[in-house]
Student: 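Structure in structure tokens, see below.
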2 protein chains.
Amino acid sequence: MRQETTVIPFAQNGLGEKMDGPDDATDLLRQISHGRISAGALARFVGLPLAPAPHPEWTRFMCRRLRHGDIPVRAGDPCQHLYVVIRGSFCTRTIDAAGKARVIAFERASDTLGLDGLASGRYTTESIALELTDVAVIPLAGLARPGYEGAALRTFIYRLLGRQILRNQAMMAMMAASRAVTRLGAFLFDWHARSDASLRFALPMRRTDIASLLGLSKETVSRTCSTLDRTGIVVMRRQRVTVLDREALHRTATGAIPSGATRSPVRRTSSSAPAHGVFAADDLVLLHRD
Amino acid sequence: MRQETTVIPFAQNGLGEKMDGPDDATDLLRQISHGRISAGALARFVGLPLAPAPHPEWTRFMCRRLRHGDIPVRAGDPCQHLYVVIRGSFCTRTIDAAGKARVIAFERASDTLGLDGLASGRYTTESIALELTDVAVIPLAGLARPGYEGAALRTFIYRLLGRQILRNQAMMAMMAASRAVTRLGAFLFDWHARSDASLRFALPMRRTDIASLLGLSKETVSRTCSTLDRTGIVVMRRQRVTVLDREALHRTATGAIPSGATRSPVRRTSSSAPAHGVFAADDLVLLHRD
DNA sequence: CGTAAGATTGAATTAAATCAACTACAGTGG
DNA sequence: CCACTGTAGTTGATTTAATTCAATCTTACG
């Protein structure tokens with residue numbers, strides 16, 4: 001029943017990286033039993049190979065359920081655990097050189113929280129759960145000790161770290177894109193690609209936080225969303241997104257810009273009425289606040 | 001003679017982080033003997049604590065000398081080593097989602113190259129030496145094996161990774177700064193702070209590469225350099241930089257902008273003649289191309 | 001139903017990209 | 001030694017894009 005993990009080759013650039021992700025939701029739930037997840041299941045879940053070990057199922061990590069607004073990682077707290085996101089999403093902030101809070105990432109399933117605490121032993125960031133969220137808790141105490149479930153687990157942690165570095169690099173490449181529509185397009189395409197490649201998904205964070213991450217003003221984010229909506233590439237209604245033209249969105253994200261969009265107001269049929277029939281009564285399932 | 005390492009507390013944000021750096025050049029040279037550096041000396045050099053180990057001097061890493069243009073890390077190559085920069089600097093590029101090369105970092109003493117290869121086992125970036133450079137080579141083979149010089153070394157690697165994540169975060173915060181003068185100011189201040197806090201230093205990379213890193217056009221980088229020069233904050237002559245007003249540079253970097261600078265041409269006395277006497281005949285020592 | 005926080009839109013302003021010279025400098029070969 | 005040449009850097013003029021300030025609009029929620 002538990003097929004051996006297929007090592008997914010990673011794309012050159014973490015942004016477009018196709019996630020292994022959960023095999024499917026029910027399978028994942030099977031892997032989590034009694035609030036714990038085995039090292040093997042976690043490795044498969046995040047899509048990283050776990051080197052052969054005598055008993056990969058013997059090491060099990062605690063799982064914690066967090067609600068909207070919960071803060072597992074707080075700047076200044078001693079770094080005792082890493083958190084691998086199983087379900088849900090987080091917003092991670094840091095204090096920049098000017099003393100202002102800045103969003104530096106939104107974490108989702110298979111991302112890791114708390115890696116910034118490894119260097120000094122204290123977290124430097126603050127991660128807030130944006131919705132109902134499950135995380136696997138990896139204790140750091142004794143991780144380097146020879147006896148700690150052997151070499152396989154350590155290699156796994158190294159890969160986890162390595163991947164986060166990859167994702168940071170992809171993020172930086174994204175933010176260096178000159179135009180707002182390119183940055184936002186890349187952000188949306190990434191969110192789409194990591195939403196099980198579904199064309200419909202929710203953005204659980206505020207426009208202000210997207211703006212902070214991308215280095216834009218919230219007005220520009222809002223306007224650019226409207227432009228993408230108006231040109232028919234996506235439908236954006238607050239937190240609900242439907243991708244209508246995946247290829248065009250990808251072109252937008254890579255800088256092949258559909259520029260010169262007119263600045264006419266987005267026509268809305270009426271309050272919360274479905275546009276093109278893309279939103280139905282079950283829209284609520286898109287975002288569980290808690 | 002070899003005083004035990006003082007654990008340097010890390011700043012909240014990696015950008016303004018005061019480097020431990022080499023105790024001094026001669027001390028560093030003492031620590032490198034026969035082309036090798038001990039784990040203990042390397043840990044002290046990069047300013048990260050090495051947990052107590054029976055014999056921290058027993059593990060020694062090979063050192064390699066690289067010349068301008070050498071490429072120790074190449075995208076696609078199998079990731080077999082990490083490289084800790086001892087001396088000199090590198091420019092690291094990646095291929096972004098649009099297929100264009102993009103500078104994602106300039107590495108300097110105590111930075112680590114090759115961490116992006118840990119996730120998949122192959123490097124995704126390319127690092128080019130910008131000048132005469134020394135690196136310590138950390139072999140990854142067997143790093144996770146129980147016997148590999150014990151736990152202390154592994155912890156050290158974790159911290160090395162954690163710090164690079166911190167620096168990436170700081171970089172992202174810098175790049176999210178809206179204004180060009182803020183980004184460039186942060187870049188220069190960082191370079192200054194990590195040049196042994198010296199007020200005179202060289203920028204071994206091209207303007208084009210700074211522009212690529214910061215997400216600006218090369219013309220804007222050039223113009224902004226001229227503006228900072230004109231306002232008397234720094235003197236910039238091609239690759240040579242002298243900080244005249246460190247506090248003003250810091251204010252610029254944190255967004256407290258000395259805006260409204262006039263757009264008059266930078267007055268140069270004559271070809272390569274010293275301005276304000278800040279450049280002398282020994283300017284050449286600032287940059288060793290090879 | 002009223003309220004407040006978040007989101008959107010508009011108009012005016014400001015900053016940066018782009019296009020196009022032009023300059024400085026290192027390296028090369030006469 | 002000097003002219004030639006190509007690369008990197010600088011500057012100006014113009015166009016384009018994003019910010020800012022301000023006014024609604026929408027929606028979640030008590």
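This one's a predicted model, so the numbers in the text were calculated from it and none came from an experiment.
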Student: From C-beta outward on A:T208, which listed nucleotide comes closest to its side chain: C:dA7, C:dT18, C:dT9?
Tutor: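 Per side-chain heavy atoms of A:T208, the pick is C:dA7.
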Student: Quick one: is D:dA17 close enough that its OP1 or OP2 comes under 4.0 Å of any side-chain N or O from A:R179?
Tutor: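 Looking at the OP1 and OP2 atoms of D:dA17, one of them is under 4.0 Å from a side-chain N or O of A:R179.
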Student: Once you round to the nearest 0.5 Å, how far does CE of B:M175 lie from CD1 of B:I104?
Tutor: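 If I round to the nearest 0.5 Å, the distance is 10.5 Å.
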Student: Looking just at side-chain N and O atoms, do A:R200 and A:S195 make a donor-acceptor pair shorter than 3.5 Å?
Tutor: no
Student: Would you say B:T220 places a side-chain N or O within less than 4.0 Å of OP1 or OP2 belonging to C:dA17?
Tutor: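 Checking B:T220 against C:dA17: at least one side-chain N or O falls below 4.0 Å of OP1 or OP2.
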Student: Taking atom types as they are modelled, is there a donor-acceptor pair under 3.5 Å from the base of C:dG10 to the side chain of A:R223?
Tutor: yes
Student: Is any side-chain N of the basic residue among B:R67 and B:D70 closer than 4.0 Å to the acidic one's carboxylate O?
Tutor: no
Student: Contact class for A:R238 (heavy atom, under 4.0 Å): base, sugar-phosphate, or nothing?
Tutor: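 Here A:R238 touches the bases of the nucleic acid.
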Student: Taking A:D229 for the side chain and A:M236 for the main chain, is one N or O donor matched with an acceptor at less than 3.5 Å?
Tutor: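 Yes; judged by distance alone, with no hydrogens or angles, the pair exists.
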Student: Got a sec, which residues hit salt bridge (charged side-chain N to carboxylate O under 4.0 Å, His left out) with B:D116, two or more places apart in sequence or on another chain?
Tutor: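 With sequence neighbours excluded, B:D116 shows a salt bridge (charged side-chain N to carboxylate O under 4.0 Å, His left out) to no residue whatsoever.
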Student: Under 4.0 Å from OP1 or OP2 of C:dT9: is there any side-chain N or O of A:S222 that close?
Tutor: no
Student: Compute the angle between the rotation axes at the two ends of the helix from C:dC1-D:dG30 to C:dG30-D:dC1, each taken over five pairs, rounded to 10 degrees.
Tutor: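 Roughly 40° between the end axes, to the nearest 10°.
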Student: Which comes earlier along DNA chain D counting from the 5' end, the contact point of A:K218 or that of A:T224, where each point is its nearest nucleotide?
Tutor: A:T224
Student: So, OP1 or OP2 of D:dA8: does either fall under 4.0 Å of a side-chain N or O from B:R206?
Tutor: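 Checking D:dA8 against B:R206, a side-chain N or O does come within under 4.0 Å of OP1 or OP2.
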Student: Does a donor on one side chain and an acceptor on the other come within less than 3.5 Å for A:S89 and A:E131?
Tutor: yes
